[in-house]
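Below, each value reflects all heavy atoms present in this structure, side chains not excepted, and no hydrogens, waters or symmetry copies. Below, chains carry the letters A, B, ... as their sequence lines are ordered, and counting in each starts from 1.
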Amino acid sequence: MKRTHSCGQLRASDIGGEVRLCGWVRSYRDHGGIVFVDLRDRDGITQIVFDPTDSAERHELARQLRAEWVISVGGKVRPRGADRVNPKLPTGEVEVIATDLVVLNKADTVPFDPETAKDVAEETRLKYRYIDMRRPEMTRNLVVRSKIAQAMRRVLDARGFLEVETPFMTRFTPGGARNFLVPSRQHPGTFYALPESPQLFKQILMIGGLDKYYQIARCFRDEDLRADRQMDFTQLDVEMAFVTEQNIMEMTNEVMREVCTAAGKSFPDQPLIMPYKQATDEYGIDRPDLRFEMKLRDVSEIAKASTFKVMTDTLAKGGVVKGLAAPGGAKFTRKEIDAYIAYAGDFGAKGLAWTKLENGQFAGGSAKFFDAAGQAALRERLGANDGDILFMVADEVDAANKALAALRCKLGADLKLYSPDAMAFCWVTEFPLLEFSQQEQTWVSKHHPFTSPRPEDLDKLETDPGAVLARAYDIVLNGVELGGGSIRIHSPEVQARIFKRLGISDEEAKEKFSFLLDALRFGAPPHGGIALGLDRIVMMMVGAESLREVIAFPKTARGICPLTEAPGTVSARQLRELHIAITAKPEKS
RNA sequence: GGGGCCGUAGCUCAAUUGGAUAGAGUACCGGACUGUCGAUCCGGUGGUUACGGGUUCGAACCCCGUCGGCCUCGCCA
């Protein structure tokens, strides 16, 4: 019953050959006499012909065939003839005249047609994922994913990296995302935690002298899901000893170049490297979308001389006024402008000032608050041209950046400021090591507490924590963070200073991280690494709108798997064995 | 935890905005047909309008609640 070819393989050069194909019936066309079947496997489609004059019995069986039945067909490859070629199929020049037909399995009426599943409710697609993935586009996504994973392994293996697995069942360590916990049966009242990343293990591998490590690792984070976030997701995790930031970035460039090649895309020879400050100043965010310009500009000085009270008051309180000029935005209707104001509001903007530049002068909105000199200055500062619309936000600098960054991305998409297949990679570096958490009223790590500060900034750790820059770097594509990493702290003394700065006491550090602190004392080499989000990379490479399109069995926004209906309840006995008592009623039985 | 959009046949959608027996395409079943390729033609089966209340002479449509999906804010060191 073995196949001689896949269903996407046969060409004119195969004419005359005896073949056997296996696959799923995509469609059947019964002409009363002759019967055509389109046979599909993951490689393609081949037309099978059943001729009643060959065998009445086989022809009768062929007439029974229905969509998605699984069959095996033996036959001979023959040309279709010039007027019968199907240009839509790579195999369209040939067909297989069947000499044998075996029904391997029938199929119930399928809940939806795999060919048109793109239009089916996503929940239904996920419930019947095995049908959905017969759809060529879905198959292709998983094929590209596999090719990308192989490309990563190929590059790293060739460069002498070791693939090492780290445990899923590990110890809870504080900080970062909420962990999934696994109760211990053998040790009542204790829990394993699923790792949010293999961070500590890969550092310990470096201390262990493994030198160059990688892993395509699953990570687990119990946070709310989004189009680009799953509770379990995959990272290419890499760590190297005796390296600088440049070494890691070069290695990553090489990996990404091979990944892009595997996906039929291109990667720049030398991706742009942008300091964090420039990214936030000009794009309002640490992951700038460089497919289009439209930079943010600080217009505080100009606004100060205006009569716009909201702006002058904000400036008086130490805030800023920033803005941008959207090319061609003067055509927006009042309704569209209101929608942008509401959109900026979703991202925290209390207001959004606007004015249009038409026929050489400002018109409408907030133009009236600026005198001629002010208007000229705005125009110059924002690089505005006739036909543009100006948007401005007055707020604290972080809030203004956040709202304008979101607005900028929406305007870029709405105004079609870039081509749909544009790919703009860049590195963002020189991140602050720490940021002040208003919520916790303390300094917290921007990346993670094992990130090395720049040596020249070390002295500022106690005096001016916000000014300490980290040896960290993020790689960004089209405004999406593909991954990030850092050079780590390898000195126990520096690590202790960081913990102290973060308000983690010696006792707490000892209790939570003793294994790492111990390891750092036994010959830790300088080391650093990076983690790249595999799911996001595949999503970007295939142009998908959601991570779920590139994950075989993803979960819904509320963390449900429609296929298995996970999570589910367990028996009272299982709970007893785990020493677990349920205090809440389950949502469903 | 908050906000927005959505839920009608297996699937994709409609129902003149509160009006009569909830329709169409597709799938499925039956029939016809020897060159189709989303085959075509004829006929047929198929509905707790997500669920539970309410308003009304009358509800797919309006109101309240619940469940589910998507997007999003918070959250994701």
Open item on the list: Quick check on B:U17: syn or anti? Syn means the glycosidic torsion is within 90 degrees of zero.
Closed with: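 Here the answer is syn: the torsion falls within 90° of 0.
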Aromatic-base stack, A:His31 on B:A39, cutoff 5.5 Å, angle under 30: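 Stacking between A:His31 and B:A39: present.
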Using centres under 5.5 Å plus planes under 30 degrees as the test, is A:Phe36 stacked with B:U36?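 It does: the ring sits over the base of B:U36.
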When you compare [N] with [M], how far apart are their [atom1] atoms, in angstrom units rounded to a whole number?
| N | M | atom1 | value |
| --- | --- | --- | --- |
| B:C6 | B:U45 | C1' | 30 Å |
| B:U26 | B:A22 | P | 22 Å |
| B:A14 | B:G7 | C1' | 15 Å |
| B:G52 | B:C73 | P | 35 Å |
| B:G68 | B:G46 | C1' | 24 Å |

[N] phosphate, OP1 or OP2, under 4.0 Å from [X] side-chain N/O:
| X | N | value |
| --- | --- | --- |
| A:Ser546 | B:C70 | no |
| A:Lys127 | B:G69 | no |
| A:Arg125 | B:C70 | no |
| A:Arg29 | B:A39 | yes |
| A:Arg66 | B:C29 | yes |
| A:Ser27 | B:G38 | no |
| A:Arg226 | B:C73 | yes |

[X] [atom1] - [N] [atom2] separation (whole Å):
| X | N | atom1 | atom2 | value |
| --- | --- | --- | --- | --- |
| A:Lys555 | B:G68 | NZ | C1' | 18 Å |
| A:Ile34 | B:U40 | CD1 | C1' | 15 Å |
| A:Asp232 | B:C76 | CG | C1' | 14 Å |
| A:Leu89 | B:C37 | CG | P | 12 Å |
| A:Arg229 | B:C70 | CZ | C1' | 15 Å |
| A:Arg26 | B:A39 | CZ | C1' | 12 Å |
| A:Leu225 | B:U72 | CG | P | 11 Å |
| A:Glu95 | B:G35 | CD | P | 13 Å |

When both hydrogen-bonding distances must be under 3.5 Å and the geometry is Watson-Crick or G-U wobble, what is B:A24 paired with, if anything?
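Its partner is B:U12.
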Does any nucleotide pair with B:U17 by Watson-Crick or G-U wobble geometry, both distances under 3.5 Å, and what is it?
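In the structure as shown, B:U17 has no Watson-Crick or wobble partner.
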Going by the rule side chain to side chain contact (heavy atoms under 4.5 Å, CB included), which residues pair with A:Arg63 if we only count those two or more places apart in sequence or in a different chain?
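Side chain to side chain contact (heavy atoms under 4.5 Å, CB included) list for A:Arg63, sorted by chain: A:Asp30, A:Val35, A:His59, A:Glu60.
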Item to complete: Only counting residues at least two apart or in another chain, list the ones meeting side chain to side chain contact (heavy atoms under 4.5 Å, CB included) with A:Val103.
Response: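 Side chain to side chain contact (heavy atoms under 4.5 Å, CB included) list for A:Val103, sorted by chain: A:Leu61, A:Leu65, A:Trp69, A:Ile71, A:Lys106.
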Over all strands shown, is [X] touching base, sugar-phosphate only, or nothing at heavy-atom distances under 4.0 angstrom?
| X | answer |
| --- | --- |
| A:Asp30 | base |
| A:Pro449 | base |
| A:Arg536 | nothing |
| A:Tyr28 | sugar-phosphate |
| A:Thr53 | base |
| A:Gln230 | nothing |
| A:Arg178 | nothing |

Give every pair of a protein N or O atom and an N or O atom of nucleotides 1-7 of chain B that lie under 3.5 Å apart, one pair per line with the distance.
from: B:G1; atom 1: O6; to: A:Asp224; atom 2: OD2; distance (Å): 3.4

_Which label fits A:Tyr276 and A:Phe431: parallel for a plane angle under 30°, tilted from 30 to 60°, or perpendicular past 60°?_
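Correct class here is tilted.
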Please name all residues satisfying ring-ring contact (aromatic ring centres under 6.0 Å, His included) with [X], sequence neighbours left out, ordered by chain then number.
| X | result |
| --- | --- |
| A:Phe112 | none |
| A:Phe233 | none |
| A:Tyr283 | none |
| A:Phe191 | none |

- Query: Do we see a donor-acceptor contact under 3.5 Å between the side chains of A:Glu245 and A:Thr429?
  - Reply: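 No, A:Thr429 and A:Glu245 have no side-chain donor paired with an acceptor closer than 3.5 Å.
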| Which pairs count as salt bridge (Lys or Arg N to Asp or Glu O under 4.0 Å) when at least one residue sits in residues 480-489 of chain A, sequence neighbours excluded? |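 Every pair satisfying salt bridge (Lys or Arg N to Asp or Glu O under 4.0 Å) with a residue in residues 480-489 of chain A: A:Glu239-A:Arg488.
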Please tabulate the protein-to-nucleotide N/O contacts below 3.5 Å involving nucleotides 12-15 of chain B, giving atom names and distances.
from: B:U12; atom 1: OP1; to: A:Ala121; atom 2: N; distance (Å): 2.6

| field | Derivation and outcome, side-chain contact (heavy atoms from CB on, under 4.5 Å), residues A:Leu563 and A:Tyr130 | value | CA-CA 9 Å; A:Leu563 179 80; A:Tyr130 40 87; 3.7 Å; yes
**Asked** Looking at A:Phe220 and A:Phe180, what are the two nearest heavy atoms and their distance?
**Response**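 Between these two residues, the closest heavy atoms are CB-CD1, 3.9 Å.
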ask   = Can you tell which of B:G69, B:C37, B:C11 lies closest to the side chain of A:Arg84?
value =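 Closest of the options to the side chain of A:Arg84: B:C37.
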| query | Can you tell me if A:Arg178 uses its side chain to pair, donor with acceptor, with the backbone of A:Asp222 under 3.5 Å? | reply |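 Checking the backbone N and O of A:Asp222 against the side chain of A:Arg178, a donor-acceptor pair under 3.5 Å is found.
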If you take any heavy atom closer than 4.0 Å to RNA chain B, which residues from residues 38-52 of chain A end up in contact?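 Contacts with RNA chain B under 4.0 Å: A:Asp38, A:Gln47.
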Nearest-0.5 Å distance, SG of residue A:Cys561 to NZ of residue A:Lys555: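 If we round to the nearest 0.5 Å, A:Cys561:SG and A:Lys555:NZ are 6.0 Å apart.
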*asked:* Which residues pass the salt bridge (Lys or Arg N to Asp or Glu O under 4.0 Å) test with A:Asp414, not counting sequence neighbours?
replied: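 Checked A:Asp414 against salt bridge (Lys or Arg N to Asp or Glu O under 4.0 Å); matches are A:Lys410.
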message: Show every side-chain hydrogen bond (donor to acceptor under 3.5 Å, both in side chains) that has at least one partner inside residues 37-54 of chain A, sequence neighbours left out.
response: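 Every side-chain hydrogen bond (donor to acceptor under 3.5 Å, both in side chains) pair that includes a residue of residues 37-54 of chain A, provided the two are not neighbours, is A:Ser6-A:Asp43, A:Arg26-A:Asp38, A:Ser27-A:Asp38, A:Arg29-A:Asp38, A:Arg29-A:Gln47, A:Arg40-A:Glu68, A:Arg40-A:Glu115, A:Gln47-A:Glu95, A:Asp51-A:Thr53.
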